[in-house]
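Keep in mind it's a predicted model, so treat the numbers as computed, not measured. The figures here come from the full heavy-atom set of this structure, side chains too, leaving out hydrogens, waters and symmetry mates.
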Amino acid sequence: MFDKLEDILIRYEEIMQELNSPYVTEDQNRFRKLMKDQADLAPIVEAYKSYKQAKQDAEDSVAMLEEENDEEMRQMLKEELADAKKQIEDLEQKLKILLLPKDPNDDKNVFVEIRAGAGGDEAALFSAELYRMYCRYAERNRWKTEMVSVNENGIGGFKEVVFMITGQGAYSKLKYESGVHRVQRVPETESGGRIHTSTSTVAIMPEAEDVDVEIDMNDIKFDVFRASGNGGQCVNTTDSAVRLTHIPTGIVISCQDEKSQLKNKDKALKVLRSRLYDMELARKQSEEAEARRSQIGTGDRSEKIRTYNFPQGRVTEHRIKLTLYKIDSVMDGDLDEIIDSLIAADQAAKLAKMSEEI
C-alpha cells in the first residue's frame, strides 16, 4: 500500500508542477484532465502527508521518552505518543478507503425512474412522495432536477415518473437507492382504519455519454402525439410529445415535458442511452458474482431495500438493519444518515474482501 502511496505522491507533485507552468492553459483538454486528476489525488495526498507526520511524531515521542527522566514530562510524552498512535490507526483506515477502486460512474448525473408497484392508487401516491423526497434531497445537495416524463393517476399520484438529477457525485450517493421501497400506512381512502402495504420501485441509472453507448438509429422507431396533462397552452395543440421504441430490447420511452418535439426526442434518447448502459452494467455485475455479493445491494430492482412505516414513524433500511424514527424528515429529503451508513457498509465489505485477497 505504501509503495502505491509514494507513487501517488510523486504523480501529484508532477501534476502540480505542470499546472504551475505558464503554458498549461494552451491545451484546454489537457488542462481539464490535470485539474480533475489533481482533485482526485488531493484527498489521498493530504491524508498520506498527515499519516507521515503522525508517524514522525510517534518516533520523536519514543526517542524523547528514552532520554527523559522528569516524570511529569514523561507523562506528557506518553499522552502525545498515544494520540499519535491513534491518529496513525485512523489515517491508515482512511487511506485504505481512499485507495479502494473508484466506481467510474460516481461523478455522473443520474436518471431516476420511480414506478408504482403493488397497491394501486396508494402506490402511485407513494411514488409521488418518493419523487418529492429525492427532489428535496437534490436541493439539499445543490443539485438540479429536470422532469423527463410523468404518468399521473388523476389524484396526485404517479404511476411512473422519470426525471434527471444533475450534480457532482449524484450517482455516488444515489446508486444505493435502486430497489423496492415499501410503505405501510392507513390510506386516506380506507374507512376502516386498516394499515395497507404498498410498494414502489426505484431505478437509478448513470447518465450515459455517446462514447459509453453506441445506438443504431435504424433500431429506433419514433412516434409523435399530442401531449396531455399539465403543460401550458401548447398542450393538445401540437404533436410535440415523442414515443421512442428501441426495437432490439423492446424499451419504450415517452417524453412530453418539453414544448419542442426536438427537445423531447433528445431527452428520450438520453434516457434510452442510460437504460442500455444500466443494462450493460447489470450484465457485468451478474458475471462478477463474488464482487456483486460484496456490494450493499446496489442496482437490483427486485430487492426490497427499505420500509417506510408511517404509524410507527420509522424508516427501516433492510440491507444494513438500520432503523430511524424520523420518517417526516426522511420524506423531506433528509437522507444523509441512511446514505452515509450505506456507503460506510459498502466500504467495509470491500475492505474485508480486499483483506481476504491479500
Side-chain angles (χ1 to χ4, degrees), residues 105 107-116 123-125 127-136 138-139 143-168 170-171 174 178 200-282 301:
N105 295 309
D107 291 333
K108 292 190 175 184
N109 304 321
V110 297
F111 283 101
V112 184
E113 291 184 352
I114 305 174
R115 288 190 173 86
L125 289 168
S127 294
E129 290 173 70
L130 288 177
Y131 165 73
R132 180 182 178 277
M133 179 182 80
Y134 290 124
C135 286
R136 291 287 292 121
E139 283 176 25
W143 297 335
K144 293 181 180 177
T145 57
E146 183 183 357
M147 181 66 78
V148 175
S149 67
V150 60
N151 181 7
E152 301 179 47
N153 72 340
I155 59 170
F158 294 163
K159 294 178 183 177
E160 176 185 319
V161 59
V162 182
F163 60 105
M164 187 177 188
I165 297 180
T166 306
Q168 183 68 30
Y171 184 74
L174 288 169
S178 288
S200 291
T201 302
V202 174
I204 306 292
M205 302 173 295
E207 182 186 17
E209 307 293 333
D210 291 352
V211 293
D212 295 325
V213 178
E214 199 173 306
I215 297 175
D216 186 345
M217 297 305 287
N218 293 321
D219 289 339
I220 297 175
K221 177 189 173 191
F222 286 101
D223 296 302
V224 294
F225 58 98
R226 291 187 179 181
S228 60
N230 300 324
Q233 40 186 317
C234 288
V235 171
N236 294 325
T237 61
T238 59
D239 290 336
S240 61
V242 171
R243 183 182 298 108
L244 172 159
T245 305
H246 187 241
I247 297 164
T249 59
I251 291 173
V252 178
I253 298 160
S254 296
C255 188
Q256 61 176 42
D257 193 58
E258 300 286 349
K259 294 178 181 178
S260 158
Q261 185 185 117
L262 195 62
K263 287 182 179 178
N264 280 326
K265 182 178 177 182
D266 185 52
K267 272 191 178 180
L269 280 168
K270 279 186 176 181
V271 176
L272 173 65
R273 190 172 284 111
S274 292
R275 280 197 191 172
L276 293 174
Y277 185 53
D278 189 53
M279 287 169 66
E280 179 62 16
L281 286 178
R301 298 177 198 178

Next item on the list: For the pair Leu281 and Asn105, evaluate side-chain contact (heavy atoms from CB on, under 4.5 Å) and give the outcome as yes or no after the intermediate values.
Entry: CA-CA 10 Å; Leu281 286 178; Asn105 295 309; 3.6 Å; yes
Check: Can you list the steps and then say if Asn264 with Val224 is a side-chain contact (heavy atoms from CB on, under 4.5 Å)?
Finding: CA-CA 10 Å; Asn264 280 326; Val224 294; over 6 Å; no
Check: So Leu244 and Lys265, side-chain contact (heavy atoms from CB on, under 4.5 Å) or not? Walk me through it.
Finding: CA-CA 8 Å; Leu244 172 159; Lys265 182 178 177 182; over 6 Å; no
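Here the shortest heavy-atom pairing between Cys255 and Ser149 reads CA-CB, 4.2 Å. Scanning both residues, Val213 and Ala208, for their nearest heavy atoms gives CG2-CB, 4.1 Å. Closest approach of Ala128 to Gly157, counting heavy atoms only: CB-CA, 4.1 Å. Residues Met147 and Lys267 come closest through the heavy atom pair O-NZ, 2.6 Å. A pairwise comparison of heavy atoms in Leu125 and Gly156 identifies CD2-C, 4.0 Å as the closest pair. Counting all heavy atoms, side chain and backbone alike, Trp143 lies closest to Leu174 at CZ3-CD1, 4.0 Å.
When side chains are defined from C-beta on, Leu276 counts as touching Ile251, because their heavy atoms get closer than 4.5 Å. Residues Leu269 and Phe222 have side chains in contact (heavy-atom distance under 4.5 Å, counting atoms from C-beta outward). Contact of the Ile220 side chain with the Met217 side chain is registered, since non-hydrogen atoms from C-beta on lie closer than 4.5 Å. Residues Leu130 and Met133 form a side-chain contact, since some pair of their non-hydrogen atoms from C-beta on lies under 4.5 Å apart.
Here the OH-CG distance, from Tyr171 to Asp107, works out to 12.5 Å after rounding to the nearest 0.5 Å. Between the CZ atom in Phe225 and the OG atom in Ser254 there is a gap of 4.5 Å [rounded to 0.5 Å]. Between atom NZ of residue Lys263 and atom OG of residue Ser240 there is a gap of 12.0 Å, rounded to the nearest 0.5 Å. Here the CD1 atom belonging to Ile114 is positioned 9.0 Å from the OH atom belonging to Tyr131, to the nearest 0.5 angstrom. Separation of atoms NZ (Lys159) and CD (Glu152) is listed at 10.5 Å; rounding is to 0.5 Å.
Here Thr249 pairs with His246 under the side-chain hydrogen bond (donor to acceptor under 3.5 Å, both in side chains) rule; sequence neighbours left out. Applying the side-chain contact (heavy atoms from CB on, under 4.5 Å) criterion to Thr245, with sequence neighbours excluded, gives Lys221, Val252.
With Phe111 as the aromatic partner, Arg275 does not meet the cation-pi criteria of under 6.0 angstrom to the ring centre and within 45 degrees of the ring axis.
Remark: the backbone N or O of Pro206 is paired with a side-chain donor or acceptor of Ser274 at under 3.5 angstrom.
Under the side-chain contact (heavy atoms from CB on, under 4.5 Å) rule, Asn109 has a single partner from Glu207, Gln168, Lys270, which is Glu207. Each of Val271, Asp278, Val148 was checked for a side-chain contact (heavy atoms from CB on, under 4.5 Å) with Glu113, and the lone residue meeting it is Val271.
With respect to the salt-bridge test (charged N to carboxylate O, under 4.0 angstrom), the residues Lys144 and Glu146 do not qualify. Electrostatic pairing of Glu139 and Arg136 counts as a salt bridge here, judged by a charged N lying under 4.0 Å from a carboxylate O.
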